Each structure stands twice: as structure tokens, then as C-alpha cells.
Amino acid sequence: MSTGSKEKIPFLDLKKQYLQIRQEVLAATEKVFSDTAFSGGPYVESFEKNFAAFCGTKYAAGVNNGTTALHLAMLALGIKQGDEVLLPANTFIATAWCVSYVNATPVFVDCDPETWEIDASQLEKKITPRTKAIIGVHLYGQPFDLEAVKAVAGKHGIFLIEDAAQAHGAKYNGRHVGSYGELTCFSFYPGKNLGAYGEAGAVVTNNEEYYKHIQSLRNHGSSTRYYHDEIGYNMRMDGLQGAILDIKLRYLNAWNSRRKQIAAMYRKGISNRKIKMQQVPGWADPVYHLFVVTTEKRDDLMKFLQQNNVFPGLHYPVPCHLQKAYTGLGYKKGAFPNAEYLSSHCLSLPMFAELTDDEVQAVIETINKF
Ligand SMILES: *Cc1c(COP(=O)(O)O)cnc(C)c1O
């Protein structure tokens with residue numbers, strides 16, 4: 001029965017990476033603790049400076065997670081009740097939450113059937129006088145068509161926000177994602193390409209006004225201690241996460257390169273005609289947060305891989321517009337055929353920088369036998 005790998009090949013293994021940088025991380029932990037720099041502070045500021053430089057933006061504001069980063073982006077842009085915000089139907093649900101948090105209405109848009117990214121040609125017919133912004137998602141680590149989406153936003157005088165939670169280091173036409181939109185939101189959830197050892201996120205921007213507003217909002221609406229200019233939040237980044245992210249940022253390009261190598265091996269090695277992969281346009285330089293494939297008999301493939309010691313992931317089984325939480329919006333099955341097809345046929349192959357060539361080869365051989 002079992003023909004593939006003898007060892008289990010997981011979808012993700014964070015421990016291997018930790019063991020590589022353990023000494024550095026533990027030393028940094030000790031420093032943060034002895035400096036009692038627990039919340040915000042110099043370690044967070046250092047990471048913010050380095051991460052902004054990495055993204056090619058003027059500013060980065062560290063926050064307590066990626067969902068918060070998106071929420072703060074909505075608040076900074078003044079999005080509120082009665083407003084509409086366009087976003088892809090096929091994304092992690094947090095992209096939609098931020099719109100709901102400010103009592104605005106998420107308006108979903110289908111994806112392109114080949115790139116699986118938000119379909120820029122579907123945007124204009126969704127724009128109404130209430131539309132205030134588009135949130136594009138660099139899904140699976142591959143940039144969406146930033147120029148095309150930005151052109152629509154520009155024409156209608158609405159904001160563009162990039163959800164780059166899966167795309168640290170991805171490039172569009174040779175330039176890092178993060179500086180096309182007014183604001184770009186990152187997550188440092190542990191499983192992301194740049195992951196904290198806990199929860200963290202950031203908003204990057206070239207706009208000083210938005211940056212300062214976000215700094216204040218994350219800190220109880222205050223820029224001078226105990227003086228509160230508006231109703232704010234506690235959404236600061238932990239000092240520990242800042243210190244650890246600063247260390248990990250130095251490895252990010254190398255880890256992303258290895259992910260790209262693995263993706264290239266998958267693309268070259270998988271010859272099974274029952275398997276389809278995400279199409280990569282010429283302007284996209286993806287960082288492969290996930291390596292997603294589709295196949296007609298997804299559940300069978302899932303079972304077959306597991307029987308052969310390969311443990312895939314599934315991102316995401318239900319598109320946003322069909323989530324129970326959003327039944328109130330009134331979307332029906334069939335509204336977004338491409339997003340719906342993807343959700344019922346996708347599967348995520350093992351993808352992390354520490355996979356060995358032998359493991360990648362075993363995944364390829366198993367898939368080709370399906
Ligand atoms: C992970 C993720 C988020 C949310 O980030 P958290 O840090 O988990 O809150 C938002 N959008 C996308 C596309 C994500 O993948």
C-alpha cells in the first residue's frame with residue numbers, strides 16, 4: 001500500500017528552523033527580559049526600522065497580530081459604517097473581518113481562474129458611490145496584479161490596501177510588495193514566512209500621517225502618556241516578538257530562496273496531468289508561503305498522500321462569502337465560481353525552508369503515482 005516516504009513529511013515543521021537559530025533567539029530573549037523591555041520599546045523600534053527598510057517603505061508600525069494590522073488600516077483610512085470595501089472571496093477570513101470591525105460592508109470579488117489572485121477586471125462593476133477601498137491579498141505569497149488593481153482604485157479615487165500577510169519579500173515587477181497601496185498589512189503569525197514566537201503583525205506605509213495615527217491608535221489613542229485624543233486600543237507589539245523578528249528578518253531572504261527552490265522542484269517534478277498549479281505571471285516573484293495545487297478528486301488525493309506519509313494542508317475549504325458568519329450578507333453558492341472551485345479542489349503541499357531535497361522528491365513521486 002505505502003509506496004512513498006518512510007518518514008512522515010508534515011505540511012509545516014517550525015522546530016527545525018528554531019533549532020538553527022536557537023542560540024541567537026535565547027540570547028535575545030535574555031536581553032529583552034533583563035532590560036524589562038516587555039511591551040513596545042527599543043527592540044520593537046529596531047525591528048520596525050529594519051522591516052520598513054526591507055519593504056522599501058518609510059515607516060513600519062509593529063502591532064500585536066495581522067488581523068489588528070488590517071483593523072488599524074481601516075481605522076486610519078476613516079472607513080466606517082455605510083462604506084463598502086472590495087476584497088477577494090478567496091482569502092483567509094481576517095481580510096474580511098477588518099471591514100466588519102468598523103461596521104463597513106465587505107463586498108467580495110471573484111479570483112482569476114489561473115492565478116487565483118483577485119481579478120482586477122471584476123472590480124469596476126462592484127464599485128458604488130459607497131465604495132471606499134479595495135483590499136488586495138497577495139495570496140499564497142504571490143503578488144496580485146498591483147498595477148491593474150491600483151489603476152482601478154486611482155480612477156475611482158478609492159484607497160488600495162495590500163494584505164501581505166503571506167507575502168513577506170514577494171516582488172511585483174522587481175519591487176517589494178508593500179509600497180503600492182496606501183497601507184500594507186503583514187502578519188507574523190508563527191507559520192508565516194516571517195513568523196514570531198507568539199502573535200505579531202505590522203502596518204507599513206510611506207504616509208507619515210497614517211503612520212502616526214496608527215502609532216497612536218495602537219497605544220490607547222495616545223501620543224503623550226495619559227492624554228487620550230480619541231478612543232484607542234491596546235494593540236502594541238511585545239518586546240520579545242520585536243527582538244525575535246529582528247533576528248529572523250536577517251534570514252528571511254535565504255529562507256524565501258529555499259522556498260522558491262522547493263517550488264521550482266515541485267513545478268518541474270510533478271508531471272501528473274490530474275494536478276493543476278497556480279499560474280505565475282511574468283511580473284510576479286512569489287515567496288511561496290503555500291504551494292497550493294488543485295485536482296478534481298481533492299479528497300482522494302488528500303487520502304492517498306496521507307497513506308503515503310505526506311501530510312498536506314487545506315487553504316481554504318470555504319470561501320469568505322459562504323462562511324456562516326457572513327450569511328447576513330446574502331451571498332449564494334455560485335456567486336463566485338472561481339473562488340468556489342478553488343476551495344473545493346485545493347490542497348497545500350508541504351512547504352517550508354527546511355524540507356530536504358529527498359523529502360521534496362518523495363512528495364513529487366507520491367503525487368505522480370496518484
Ligand atoms: C494570517 C493572515 C491574516 C491574519 O494574521 P494574524 O496574524 O493571524 O491575525 C490576514 N490575512 C491573511 C491573508 C493571512 O494569511
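In each ligand, atom 1 is the first atom listed, and ligand 1 is the first ligand listed. None of these values were measured; they are calculated from a predicted model.
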Handout entry: D357/R258 under salt bridge (Lys or Arg N to Asp or Glu O under 4.0 Å): CA gap, chis, key distance, verdict
Key = CA-CA 10 Å; D357 285 359; R258 175 60 185 161; 2.9 Å; yes
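The closest approach between H289 and ligand 1 stays at or above 4.0 Å for every heavy atom of the residue.
At a cut-off of 3.5 Å, with distance as the only test, no side-chain donor of N193 or Y288 sits close to an acceptor on the other residue.
Classification of the F188-F47 ring pair by plane angle, with boundaries at 30° and 60°, yields perpendicular. Taking the six-membered ring where tryptophan is involved, the planes of F336 and H321 are perpendicular, since the angle between them exceeds 60° and thus also 30°.
For ligand 1 and F92, the ligand atoms under 4.0 Å from any heavy atom of the residue are 2 (C), 3 (C), 12 (C), 14 (C). Using a 4.0 Å cut-off to heavy atoms of T91, the atoms of ligand 1 that qualify are 13 (C). Heavy-atom proximity to G66, at under 4.0 Å, picks out these atoms of ligand 1: 5 (O), 6 (P), 7 (O), 9 (O).
By the 3.5 Å distance cut-off applied to N or O atoms, E199 is not counted among the residues near ligand 1. Considering backbone and side-chain N/O atoms, Y189 never comes within less than 3.5 Å of an N/O atom of ligand 1.
With a heavy-atom cut-off of 4.0 Å, D163 touches ligand 1 through its side chain alone.
If you look at W97 and Y326, their ring centroids are closer than 6.0 Å. Between H315 and Y140, the ring centre distance reaches or exceeds 6.0 Å.
Of all the listed residues (K192, Q166, H315), K192 holds the heavy atom that lies closest to atom 1 (C) of ligand 1.
Looking from atom 9 (O) of ligand 1 to the surrounding protein, the closest heavy atom is T67 OG1, 2.5 Å. Given atom 7 (O) of ligand 1, the protein heavy atom at minimum distance is S187 OG, 2.6 Å.
Taking CG from N206 and OH from Y59, the interatomic distance works out to 8.0 Å, rounded to the nearest 0.5 Å.
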